[in-house]
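Only one structure is covered here, and it is reproduced in the block below.
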Amino acid sequence: MKMIEGNQKLAPPEIPTALQNARKDFPILKREVNGKPLVYLDNAASTQKPQSVIDTLTRYYEYENANIHRGVHLLSTEATGAYEEARQKLATYLNAADSAEIVFTRQATEAINLVAHSFVEPIVEAGDEIVITHMEHHANIVPWQLLCDRTGAILKIAPVTDNGQLDTEALKNLLGPKTKLLSFVYVSNAIGAINPAEELIAAAKDQGIPTLVDAAQAVQHTTVDVQELDCDFLVLSGHKMFGPTGIGALYGQLSRLEGMRPYQGGGDMISHVTFEGTTYKEPPSRFEAGTPHISGAIGLGAAVDYIESVGRDVIEDYEAKLMIYALKRLDEIPSLRVIGDFEKRAGAISFVMENAHPHDIGTVLDTEGVAVRSGHHCCEPLMRRLGVVATARASFSLYNNHQDVDALVDGLKKVNTLFG
Amino acid sequence: MPQDPQDLYKRILMQHSREPRNKRAINQPTRKIFLANALCGDEISMYLKIDDNQLKDVAFEAQCCAICMASASMLTEKVVGMTTDAAREAASEFIGWMNDGSANLPFEDGEDLGALSGVKAFAGRIRCATLPWEALSEALKPSS
């Protein structure tokens, strides 16, 4: 990145028409924090919720609440319809061929654990291999470590370069006849790097290796098309894409899901239960034991509607411009170093400062009303690989604007003065 | 109430943070304890040299924020020379003080530890100040 020279005026990105009213759609953005307007730059941890999602949840509990797939009464029928409609919305959003390919889970974490238990564990033998990358969130590390403990399988880690990029060639070299799954992050929550998902999936497919894409940080920033990607599995979390907490989803190719054993046992996932034996429903019900998070799923459907109303191309284009503006403005602070150097970036900018620990940066920014995340971002191995214990991370969403970036930079200048 | 970072990062605290006292390892320590704050990743190793039930030398190594660093630095100066019982008591009182509403330190001190009172207004940072004292407490457990 080049330094900004002298008085060269930085043009802030223009807000596209479809996003002109975005800030008004999110009631929390009216809030003050420590006497200052809230500048919310912790979107990679969780995004804020638009009024339409909040209203959908309220309406569900006020007018529609009932259990699904149960009663013949009107409310139950309506709730079932709304729940299944949400599944269809998510399927359309990801361009899944069939809504039965969408399994509702608690979040991306549970979706990964589901795949580990129901898909990988039955096909893995001691000495087989699972390939992940050095860039993974703990959610895409620990389930595989647990699986390896149970089965004697071996976890292989594709390396990351000094500048925070995935070494794709090294990853391809790890794939072989013993590989039972390639599981990788699409967009890094910690540093914002975008991985070449199609290329990696194609390389795995060449050898008949199933793939799982952790798209928790991708689906809210860019168009994700599971048929184009041709991945076997893809996971996401609702609360990172303007939906409620406690709801997420697993996409799985129907042919894969059909062959998989249940994840948890309980009601709603069975065809028949006798004490002699039980038969299970077809996907996706087979993987949704017990009463699911009905309001969460419906709320996630509303979140999908919201994103579609803006348009993903608009979001992707605007956020890319905002990110360029942010990177240039951060360049004004000499003691600040952005972690990772890559052309393709989405959502997050991670950085460290010479004299101030990320935790202290976070506190000073908080007194200015600016919310960022500081810490290891649930990516301890990546942090160690890049030679830092922790970073401060500003992560962006469609409602952020250049004033938010300016407030961040002003706050960081105060950090500099205080710790200078 | 607007919070002022100046209240938090007082001069005395910044001095301890920039030039921490006794930030070193101790050769063949009587006790060594490693403690981490999983929330933020701060890490501290506390070293104690104990002779005849008295803390002869207290030192630490850490990768942590300014609050944690300053608190650890102040700790080493505060408890060196104490009996193990007195140091255990001091740790317990300090942690209690950080977590209660009272402004004044529960024990005699110069002005240094008092500088940490500003941390109490920042709920998310209290653990940063107590981490070194938790490590001390852990190191002084009879079984450790």
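By convention in this document, chain letters (A, B, ...) are assigned in the order of the sequence lines, proteins followed by strands, and residues within each chain are numbered from 1. Everything quoted here is computed from the prediction, not taken from an experiment.
- No close placement of the A/Phe26 and A/Tyr40 rings is indicated, their centers lying 6.0 Å or farther apart.
- Comparing A/Thr363, A/Val364, A/Asp366, A/Val389 by how many heavy-atom pairs each has under 4.5 Å with chain B, the most go to A/Thr363.
- In this structure, a donor-acceptor pair under 3.5 Å is absent between the side chains of B/Ser137 and B/Glu134.
- For B/Ile67, the parts lying under 4.5 angstrom from a heavy atom of chain A are both the backbone and the side chain.
- For B/Lys120 (side chain) and B/Asp100 (main-chain N/O), a donor-acceptor pair under 3.5 Å exists by modelled atom type.
- Here A/Asp360 is the residue among A/Asp360, A/Thr367, A/Val33, A/Ile361 with the most heavy-atom pairs under 4.5 Å with chain B.
- Listed options B/Ser17, B/Cys64, B/Cys128, B/Gly124 were ranked by heavy-atom pairs under 4.5 angstrom with chain A; first place goes to B/Cys64.
- With ring centers used as reference points, A/His376 lies under 6.0 Å from A/His138.
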